[in-house]
Trainee: 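Below are the structure tokens for one structure; questions will follow.
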Amino acid sequence: MTRFLISWAPAILWAGLIFYSSSQVWDDGPVLIQINDKVAHLLLYIPLGVALAWGGRDFTRKRLSAGLVFLGALYAATDEWHQSFVPMRD
């Protein structure tokens, strides 16, 4: 059980950070650094992909790669759906 937690904790924690961030209402007020929406997604989902790969490192490679890509894409799709319920987010 401990090995499972150590393997998957980074992915679970990062997914939680993404979920929390996408729950926030962002206004168009002054920001120190303006980041393009697509760049922000890239910067958030690359670490999630790395964390998923870390969690699945003990499984067989062929099925794992497709499964982890599907899992990451499914999480991204559900996060976009989740954002549709947050005011001022789309």
Trainee: For residues L5 and L71: do they belong to one hydrophobic cluster (side chain heavy atoms under 4.5 Å, members Ile, Leu, Val, Met, Phe, Trp, Tyr)?
Mentor: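 In one cluster with L5: L71, yes.
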
Trainee: Would you say L17 and F19 are hydrophobically clustered, going by side-chain heavy atoms of ILVMFWY under 4.5 Å?
Mentor: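 As far as the 4.5 Å side-chain criterion goes, F19 and L17 are connected within one cluster.
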
Trainee: Once you round to the nearest 0.5 Å, how far does CG of L48 lie from CG of L68?
Mentor: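 Between L48 CG and L68 CG, I get 10.0 Å after rounding to 0.5 Å.
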
Trainee: Where is the tightest heavy-atom contact between A51 and P10, given as atom of each residue plus distance?
Mentor: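 Nearest heavy atoms, A51 then P10: CB-C, 3.8 Å.
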
Trainee: Under 3.5 Å, is there a donor-acceptor pair between the side chain of W8 and the main chain of L52?
Mentor: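 Between the backbone of L52 and the side chain of W8 there is no qualifying donor-acceptor contact (under 3.5 Å).
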
Trainee: Rounded to the nearest 0.5 Å, what separates atom NE2 in H41 from atom CD1 in I18?
Mentor: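 That separation rounds to 9.0 Å.
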
Trainee: Of all heavy-atom pairs between L44 and W14, which one has the smallest distance, and what is that distance?
Mentor: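 Answer, listing the atom of L44 first, then W14: O-NE1, 2.6 Å.
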
Trainee: Mind jotting down which residue pairs meet the side-chain hydrogen bond (donor to acceptor under 3.5 Å, both in side chains) criterion with at least one end in residues 42-55? Sequence neighbours excluded, please.
Mentor: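 Listed by first then second residue: Y45-D79.
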
Trainee: Name all pairs fulfilling the salt bridge (Lys or Arg N to Asp or Glu O under 4.0 Å) condition that reach into residues 1-11, sequence neighbours left out, sorted by first residue then second.
Mentor: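 Qualifying pairs: R3-D58.
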
Trainee: Has E80 got a side-chain atom pairing as donor or acceptor with A76's backbone, closer than 3.5 angstrom?
Mentor: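 No, the answer is negative, given that no donor and acceptor are paired below the 3.5 Å cut-off.
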
Trainee: Which residues end up grouped with L74 if you chain together Ile, Leu, Val, Met, Phe, Trp and Tyr wherever their side-chain heavy atoms are less than 4.5 Å apart?
Mentor: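 Grouped by the 4.5 Å side-chain rule, F70 form the rest of the cluster around L74.
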
Trainee: Do F4 and I12 share a hydrophobic cluster, counting only Ile, Leu, Val, Met, Phe, Trp and Tyr and linking them when any side-chain heavy atoms are less than 4.5 Å apart?
Mentor: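 Both belong to a single hydrophobic cluster.
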
